[in-house]
Amino acid sequence: MSDVAPYAVRDGVAVITLNNPPVNGLGNALRAGIADGLRKADADPAVKAVVLIGAGKAFSGGADIREFNARREKPDLPDVNDQQDAMKKPLVAAITGFALGGGLELALACHYRIATPKAQLGLPEVKLGILPGSGGTQRLPRIVPVSKAVQMMTTGNPILSEEALQLGLVDEIVQNGDLLDAAVVYANKLVAEKKPLRRIRDMSAKADVDFKKIREDVAKASRGYPAPLEIVACAEAAVTKPFDEGRKFERERFAHLMNTTESKSLRHAFFAERQTSKIPDVPEDTPTRAIKKAAVIGAGTMGGGIAMSFVNAGIPVTITDATQEALDRGLKRIKENYAATVSKGRLKQEDMDKRMGLLKSTTSVEEAARDADIVIEAVFERMDVKQDLFKRLDAVAKPGAILATNTSTLNVDQIAAATKRPQDVIGTHFFSPANVMRLLEVVRAKKTGKDVLATTMKLGKQIRKLPVVSGVCDGFIGNRMLEKYVQQSLFLLDEGASPQQIDGALSKFGLAMGPFTMYDMAGNDIGFEIRKRRAKERPDFVYGKFADRIAEKGWFGQKTGRGWYRYEPGNRKPIPDPEVDKMLADYRKEMGLKTRTISDEEIVERCMYALANEGAHILEEGIALRASDIDMVYLTGYGFPPYRGGPMFYADTVGLDKVLAAIERFQKGYQGAQWKPAPLLVKLAKEGRRFNQ
Ligand SMILES: NC(=O)c1ccc[n+]([C@@H]2O[C@H](COP(=O)([O-])OP(=O)(O)OC[C@H]3O[C@@H](n4cnc5c(N)ncnc54)[C@H](O)[C@@H]3O)[C@@H](O)[C@H]2O)c1
């Protein structure tokens with residue numbers, strides 16, 4: 001008897017159990033086990049019907065991701081489906097938890113489906129840039145209305161069993177009792193009542209949609225992603241072609257999508273996300289500290305958002321600020337933020353009340369910190385202020401409390417040195433708005449304890465962030481790379497590109513927004529301060545000077561209604577500003593800069609390779625654990641398009657030899673001395689290798 005697919009006979013019904021924890025992924029062994037079970041059931045005259053059921057909490061989550069890049073062995077899922085179709089005895093899928101992807105395709109090739117009330121059924125393949133490749137696109141539109149099938153497959157979102165029942169995707173919901181008992185009874189009833197073998201492949205899909213319109217809608221919604229349109233084409237084939245032809249078409253389109261850069265990028269991101277929590281010298285069983293209560297120091301922009309992230313996850317927080325006035329302002333902003341979500345219908349009033357109930361406030365740092373298991377500091381970005389605060393925290397925090405700083409640029413080792421417990425100090429670099437953005441850079445200082453790191457990573461997930469480990473350096477992973485990107489964006493202005501052209505080229509590439517729109521959103525005063533500081537600290541790091549002129553005018557961006565663009569009151573849409581164009585032309589003349597026509601392609605290359613090259617330095621220095629961590633930083637914190645996989649993966653896709661050749665070309669151009677190819681890039685390019693192995 002196979003462990004992954006145990007076979008048993010109960011009351012004349014063969015029961016094949018999918019037993020491949022954690023989600024009964026349909027790996028090589030499980031598929032072979034199911035095929036074996038079906039053969040046995042077919043051959044045994046005492047067996048009248050067959051039930052497929054999942055062990056544990058779910059039916060099946062689909063393909064086994066652990067075997068994603070491994071060789072597929074026979075039988076593959078379509079082979080198993082063919083065997084299901086050839087069965088002469090009724091096949092029942094008994095679904096609890098979820099039947100997703102290949103899991104649902106397996107269930108669709110059964111004759112009947114029963115489910116528990118909260119079960120989820122879906123085909124989420126589109127999220128990895130592919131389509132259901134084992135008959136899903138052909139069977140689903142034959143059993144539910146085509147429009148619904150298209151919606152399920154192009155969004156990838158599952159439906160609940162209640163809706164599935166109404167649609168006919170599920171035949172019965174098992175409200176109470178044991179699912180297996182109910183399935184055996186159900187199967188015997190099918191036999192007793194001589195119900196037909198309902199093969200979905202023999203049904204016909206009736207179009208309730210105008211495919212031309214659907215294609216238009218889907219094309220609009222799926223900017224940059226080829227899979228949704230391919231799914232529509234497959235659904236259309238389900239309507240217009242016989243089953244076998246439709247399935248052949250599906251296989252072709254599936255194979256095509258598997259080879260697209262978009263799908264490779266999305267699959268990379270899927271695995272990259274799962275890698276981030278693996279820290280080589282901090283094993284997964286490292287004991288963690290219990291975090292039941294938090295304190296946030298500083299109720300400004302970041303402190304408020306950080307406090308919200310904690311209460312959103314049900315962790316009580318005490319927030320504090322230096323003055324009652326600042327504290328009140330912070331609390332008011334939190335309240336307004338929640339109220340806006342409630343008024344949009346995305347949060348229930350009672351949930352807002354619950355969250356606000358978990359939030360306490362005080363103007364005493366000592367009172368806030370005294371009984372907290374973690375204290376997160378988000379005060380002004382000044383070393384003296386932070387060190388002074390950490391000394392005070394050291395004096396009152398309980399032993400074993402984690403002391404975290406949200407600094408974006410200061411040295412965490414120096415902050416830790418202000419305390420007598422540097423092992424408890426760590427950086428938690430949130431991104432603005434902190435209650436929304438998923439990225440959390442977890443900054444491991446020299447003396448940070450392993451258990452403190454493990455606890456913070458776990459806590460990060462608990463508050464629904466994506467924690468990525470970074471070593472200590474100026475700007476950590478994300479902002480350190482961004483500086484090189486900013487540098488190129490300003491050089492491009494000097495050379496003749498306009499802010500609109502640069503923004504346009506990079507948003508066409510897929511970034512959520514171009515650099516100048518981003519500067520206006522973040523506030524041009526911030527960049528101005530950084531550049532002034534850099535001029536003193538690192539005079540060799542050159543910036544184009546035009547940005548200073550915008551900041552000197554007090555055009556700080558959205559918050560002042562004017563920056564690189566103009567803004568109408570209450571509207572964030574950037575409007576090109578002819579005055580900026582004129583100032584830029586005057587500036588170039590004054591500086592004696594020669595302009596030229598710059599292609600969109602060059603803009604993308606310069607900005608992207610600047611990121612990847614700095615990423616290579618970061619990897620080499622061990623600041624990031626792996627290239628895919630850098631990719632996750634950009635995918636979750638900087639609006640990098642998932643279908644490009646992140647800056648390092650993008651460079652891999654282009655080919656590191658080509659990236660290096662381009663950088664060598666840039667070295668001969670304007671401000672070429674600012675380009676220094678990272679030794680790691682040079683080495684990998686020579687060896688024909690990639691950042692992401
Ligand atoms: N704004 C961002 O986008 C961003 C992003 C990541 C990290 N950060 C970092 O987060 C920290 C806070 O930034 P912010 O934008 O929220 O600043 P902010 O000016 O909006 O808020 C800082 C708050 O800290 C309070 N404060 C100052 N000293 C204090 C003290 N000793 N005790 C108690 N409260 C004190 C101030 O009154 C103010 O309300 C900084 O270290 C910053 O570098 C900011």
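For ligands, and for the atoms within them, numbers begin at 1 and follow the listed sequence.
- For atom 19 (O) of ligand 1, the nearest protein heavy atom (residue, atom name, distance) is F380 CE2, 3.5 Å.
- The protein does not reach atom 17 (O) of ligand 1 closely, with no heavy atom under 4.0 angstrom from it.
- Looking only at atom types and distance, the side chain of D520 has a donor-acceptor partner in the side chain of Y567 under 3.5 Å away.
- Contacts with ligand 1 closer than 4.0 Å are made by side-chain heavy atoms of H429 only, the backbone lying farther away.
- Here is the list of ligand 1 atoms found below 4.0 Å of a heavy atom in I297: 33 (C).
- Of all protein heavy atoms, the one lying nearest to atom 14 (P) of ligand 1 is M302 CG, 3.8 Å.
- Ligand-side atoms of ligand 1 in range of G300: 16 (O), 20 (O), 21 (O), 23 (C), 39 (O), range being under 4.0 angstrom from any heavy atom.
- Closest to atom 31 (N) of ligand 1 among all protein heavy atoms lies V385 CG1, 4.3 Å.
- Heavy atoms from both the backbone and the side chain of S408 come within less than 4.0 Å of ligand 1.
- Applying the 4.0 Å criterion to heavy atoms of K386 picks out, from ligand 1, the atoms 40 (C), 41 (O).
- With atom 33 (C) of ligand 1 as the reference point, the heavy atom nearest to it among A322, G304, G305 is part of A322.
- In terms of N/O distances under 3.5 Å, ligand 1 is not approached by L389.
- Ligand 1 has an N or O atom lying under 3.5 Å from an N or O atom of T301, backbone or side chain.
- The protein heavy atom nearest to atom 3 (O) of ligand 1 is S432 CB, 3.4 Å.
- Side chain to side chain, Q387 and Q414 fail the donor-acceptor criterion of an N or O pair below 3.5 Å.
- Residue K508 qualifies as open at atom NZ: its count of foreign heavy atoms under 6.0 Å is 12 or below.
- For atom 40 (C) of ligand 1, the choice among V296, L327, V379, T363 with the nearest heavy atom turns out to be V379.
- A salt bridge between K447 and D413 is absent, with no side-chain N of the basic residue lying under 4.0 Å from a carboxylate O of the acidic one.
- Considering each of A378, G478, G298, the one bringing a non-hydrogen atom nearest atom 22 (C) of ligand 1 is A378.
- In terms of polar-atom proximity, N406 is counted as a contact of ligand 1, with an N or O under 3.5 Å from an N or O of the ligand.
- Under 4.0 Å is where a charged nitrogen must lie from a carboxylate oxygen, and between D328 and K335 no such pair does.
- For ligand 1, the atoms sitting less than 4.0 Å from at least one non-hydrogen atom of D321 are 23 (C), 24 (O), 25 (C), 26 (N), 33 (C), 34 (N), 35 (C), 36 (C), 37 (O), 38 (C), 39 (O), numbered in the order shown with element in parentheses.
- Ligand 1 has no N or O atom lying under 3.5 Å from any N or O atom of T407, backbone or side chain.
- With respect to the salt-bridge test (charged N to carboxylate O, under 4.0 angstrom), the residues D629 and R626 qualify.
- The closest side-chain heavy-atom distance from N479 to T409 is not below 4.5 Å.
- V412 places a side-chain heavy atom less than 4.5 Å from the side chain of T405.
- Taking any N or O of F430, backbone or side chain, none lies under 3.5 Å from an N or O belonging to ligand 1.
- Applying the 6.0 Å contact sphere to CD of E537 captures more than 12 heavy atoms from other residues, nucleotides or ligands.
- Under 3.5 Å, the side chains of N435 and N312 contain no donor-acceptor pair of N or O atoms.
- Between D373 and K292 there is no salt bridge, since none of the side-chain N atoms of the basic residue sits less than 4.0 Å from a carboxylate O of the acidic one.
- Looking at R562 and E579, a side-chain N of the basic residue comes within less than 4.0 Å of a carboxylate O on the acidic one, giving a salt bridge.
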